[in-house]
Amino acid sequence: MALLLFTQAALAQESKLAVTPSMGWMSWNIMSENPNEKDIKEMADAMISSGMVKAGYQYIFLDDCWQGGRDNKNNIIADPKKFPSGIKALADYLHSKGMKLGIYSDAAPLTCGGYTASLNFEDQDAKTFASWGIDYLKYDYCNAPEDVETAKKRYGKIAQALRKSGRDIVLGICEWGPREPWNWGAQVGGQSWRTTYDIRDKWLDTEGKGGVGIYNVVDKMAGLASFSGPGKWNDGDMLVAGLHGTKGPSSAFKGVGCTKAEYQSQMSLYSMLNSPLYASCDIRKMDDEARTIFTNAEVIALNQDALGKQAERKIKTDIWDVFVRPLANGDFAIAILNKSGSTQNANVNFADLGLTGKYELKDLWQHKIVGKNNKWNGEVTAHETKVFRLKKV
């Protein structure tokens with residue numbers, strides 16, 4: 001089968017599907033193999049009452065294990081015990097609350113969890129998803145060949161099917177990075193692509209045996225700024241704030257939890273790097289620390305900035321990573337990460353970042369102006385990220 005690449009005109013239309021990175025909540029870490037109608041509705045209600053929906057988190061992303069096989073016409077169906085009212089009813093419920101529903105499938109006969117997937121049923125499944133009112137499709141790559149060309153064909157095929165379905169459905173490519181989807185994801189019709197294997201509830205993975213930590217993702221995405229922009233986003237996987245070592249997928253491979261500074265750094269750096277933002281803790285039981293991290297409007301504004309230009313890493317040393325991104329109104333954002341295990345004193349001259357002159361600095365976690373200067377000096381604790389919005393003065 002010839003690979004159907006999207007034309008420039010079609011790509012321009014595609015970009016309107018995800019003008020800014022998607023925001024929401026993903027079921028996998030908490031519900032794993034038992035996503036169900038009751039818990040999903042409760043989670044949606046908790047997202048509203050917690051202020052997350054107001055802050056921009058529109059989506060519930062229903063991950064793997066929702067499927068109940070196919071009916072006698074080969075239409076994919078939901079597990080009737082997990083979703084007795086069906087997926088359309090769930091989508092209607094979310095839409096009535098001003099939210100959106102994402103769903104999951106895989107570019108093979110079976111998903112990662114061994115459930116019904118979409119290979120050779122792309123058009124039929126896309127029409128089904130559209131008829132249910134689905135707004136987003138996470139398309140995984142378990143049980144599929146390792147080569148790049150097959151991946152491009154399979155993702156291209158589902159993208160074309162979604163476009164023919166009669167409904168605007170965002171496509172999230174999830175092949176975990178080995179085939180470098182940032183090089184081809186937009187051309188085959190995706191709006192975002194995972195850059196690494198699944199994230200775990202930890203700061204750094206040094207063993208390479210499974211899963212990655214927060215900084216592994218940040219370090220990978222730091223080199224991919226040129227591939228990011230409106231309608232095409234590098235996806236760093238789930239936000240892990242609020243998990244605190246919760247038993248489940250996120251705790252595998254020594255995912256024992258992170259410090260407040262580390263959880264906050266993930267939110268800061270993912271916002272600077274234009275990653276989609278999707279929480280994964282139990283919102284119904286979320287603590288104030290996680291709520292504060294998820295709903296920081298000034299940090300979210302960086303992620304959702306209309307210019308859509310991913311931050312570039314301007315400084316990388318053993319201790320420091322410093323990122324800079326331009327913003328739509330002419331301001332700049334800078335993020336200063338202390339990678340070491342102890343508090344360090346930072347001394348950052350803005351001229352070294354390509355920013356000349358003097359700026360008013362607003363600390364986006366303290367929510368206050370902290371000076372007018374051409375540099376910033378201060379303490380940064382272990383794995384903390386200082387984030388400032390700079391306005392020229």
(message) Please determine whether a side-chain nitrogen of the Lys or Arg among D198 and R194 lies less than 4.0 Å from a carboxylate oxygen of the Asp or Glu.
(response) yes

(message) Any salt bridge linking K127 with D123? Criterion: basic side-chain nitrogen under 4.0 Å from a carboxylate oxygen.
(response) no

(message) Can you give me the closest heavy-atom contact between H244 and Y263, atom names plus distance?
(response) N-OH, 2.9 Å

(request) List the atom of A107, the atom of Y141, and the distance in Å for their closest heavy-atom pair. (result) CB-CD1, 3.8 Å

(request) For the pair R167 and D135, find out whether any cationic side-chain nitrogen is under 4.0 Å from an anionic carboxylate oxygen. (result) yes

(request) Inspect the contact between D39 and K82 and indicate whether a charged nitrogen and a carboxylate oxygen are less than 4.0 angstrom apart. (result) no

(request) Among W28, Y270, F61, find the residue that satisfies the ring pair (Phe, Tyr, Trp, His ring centres under 6.0 Å) test when tested with Y278. (result) F61

(message) Closer than 4.0 angstrom, basic N to acidic O: yes or no for E42 and K38?
(response) yes

(message) Just by distance, no angles: are the side chains of S27 and W66 close enough, under 3.5 Å, to form a donor-acceptor pair?
(response) no

(request) Evaluate the side-chain proximity of W193 to V188: yes if any heavy-atom separation is below 4.5 Å, no if none is. (result) no

(request) Inspect the contact between K362 and E360 and indicate whether a charged nitrogen and a carboxylate oxygen are less than 4.0 angstrom apart. (result) no

(message) Are there over 12 heavy-atom neighbours, none belonging to K41, within less than 6.0 Å of that residue's NZ?
(response) yes

(message) Tell me which one of K392, K391, R325 satisfies salt bridge (Lys or Arg N to Asp or Glu O under 4.0 Å) with D331.
(response) K391

(message) Out of the candidates D106, D235, D63, only one should pair with K138 under the salt bridge (Lys or Arg N to Asp or Glu O under 4.0 Å) rule; please name it.
(response) D63

(message) Between D168 and K16 (salt bridge meaning N to carboxylate O under 4.0 Å), is one present in this structure?
(response) no

(message) Side chains of D321 and Y215 only: does a donor on one sit below 3.5 Å from an acceptor on the other?
(response) yes

(message) Assess whether a salt bridge exists between E289 and K260, defined as any Lys/Arg side-chain N lying under 4.0 Å from an Asp/Glu carboxylate O.
(response) no

